[in-house]
> 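Here it is, the structure in full.
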Amino acid sequence: MKPGSSAAEKTVTVLIPARNEAGRIGETVRAVREVGPAWEVIVIDDCSRDATAAQAREAGARVLSLPRHLGKGGALNHGLAESRGEIILLLDADLGRSAAQCTLLLQPVLDGRLDMAIARFPPPRRRGGFGLVKGLARWGIRLLAGLEMASPLSGQRA
């Protein structure tokens, strides 16, 4: 965090939904722990069939293991119900070392400059598939809310 950060004044919970992310989840949790050692870090294991839960726990996360597969949204809802932070940071499980950049997303919320921040990534080289879904989401948000969103479906948000 930056010097003079508001992190000491506000509690932060990091929610990381994960399914079969062994090999990546540990590095993601460690990166978050390095930049926010006092943050509550919760990995919601969505019925993984690998060592996701064990690796997340070993890296320093509190792990909530779901009794059945609920999908990303269901996992996040479960984690949110268990969180204690005033500010919630959502991160994908496969970020690895780049998860340390979450402070760029979190800082404007901690400072009170934004109510919510959503990460934006460079556009993919290929078109179609998920790009089509993102375009439809942009269109719906523009139509219903009058807002222009660059990354309406990003999994990284504070």
> Heavy atoms only: give me the nearest Ala100-Ala31 pair and the separation to one decimal.
N-CB, 3.8 Å

> Report the residues that fulfil salt bridge (charged side-chain N to carboxylate O under 4.0 Å, His left out) with Arg62, sequence neighbours left out, ordered by chain and then residue number.
Glu40, Glu82

> Only one of Leu64, Val29, Val14 passes side-chain contact (heavy atoms from CB on, under 4.5 Å) with Val43; say which it is.
Val29

> Output yes when a side-chain donor or acceptor of Lys10 lies under 3.5 Å from a complementary backbone atom of Glu86, and no otherwise.
no

> Nearest 0.5 Å, please: how far is OG1 in Thr28 from CD1 in Ile16?
6.5 Å

> In Å and rounded to the nearest 0.5 Å, what is the CD1 to CZ distance from Ile25 to Arg19?
14.0 Å

> Check whether any side-chain heavy atom of Val12 sits under 4.5 Å from a side-chain heavy atom of Leu110, and report yes or no.
yes

> Say you draw a straight line from CD1 of Ile87 to OG1 of Thr11; how long is it, rounded to the nearest 0.5 Å?
7.5 Å

> Could you give the distance from CG (Leu70) to CG (Asn77), rounded to the nearest 0.5 Å?
9.0 Å

> Holding to salt bridge (charged side-chain N to carboxylate O under 4.0 Å, His left out), I want the full list of residues that pass it with Glu34, two or more places apart in sequence or in another chain.
Arg97

> For Glu27, give me all partners under salt bridge (charged side-chain N to carboxylate O under 4.0 Å, His left out), at least two apart in sequence or on another chain.
none

> Under the side-chain contact (heavy atoms from CB on, under 4.5 Å) rule, collect the residues that match up with Ala51, sequence neighbours excluded.
Ala22, Gln55

> Just to verify, what does Arg24 make a salt bridge (charged side-chain N to carboxylate O under 4.0 Å, His left out) with, not counting sequence neighbours?
Glu21

> With side chains defined as the heavy atoms from C-beta onward, is the minimum distance between Cys102 and Val35 less than 4.5 Å?
yes

> Going through the distances and angles, do Leu95 and Gln101 end up as a side chain to side chain contact (heavy atoms under 4.5 Å, CB included)?
CA-CA 10 Å; Leu95 294 176; Gln101 294 181 24; over 6 Å; no

> What are the two closest heavy atoms between Gly79 and Ile42, and how far apart are they?
O-CD1, 4.3 Å

> Cys47 and Pro67: which non-hydrogen atoms are nearest, and at how many Å?
SG-C, 3.8 Å

> Using every non-hydrogen atom in the two residues, find where Leu15 and Ile88 come nearest and quote the distance to one decimal.
CD1-CG2, 3.8 Å

> Which heavy atom of Val63 sits nearest to which heavy atom of Ala56, and what is that distance?
CG2-CB, 3.8 Å

> For Asn20, give me all partners under side-chain hydrogen bond (donor to acceptor under 3.5 Å, both in side chains), at least two apart in sequence or on another chain.
none

> Using 0.5 Å steps for rounding, measure from the CG atom of Leu90 to the CG atom of Leu105.
9.0 Å

> What are the two closest heavy atoms between Asp115 and Val109, and how far apart are they?
O-CG1, 4.2 Å

> Sub-3.5 Å donor-acceptor pair from the side chain of Arg33 to the main-chain atoms of Trp39, do we have one?
yes

> As an exercise, state the distance from NZ of Lys72 to CG of Asp46, rounded to the nearest 0.5 Å.
11.5 Å

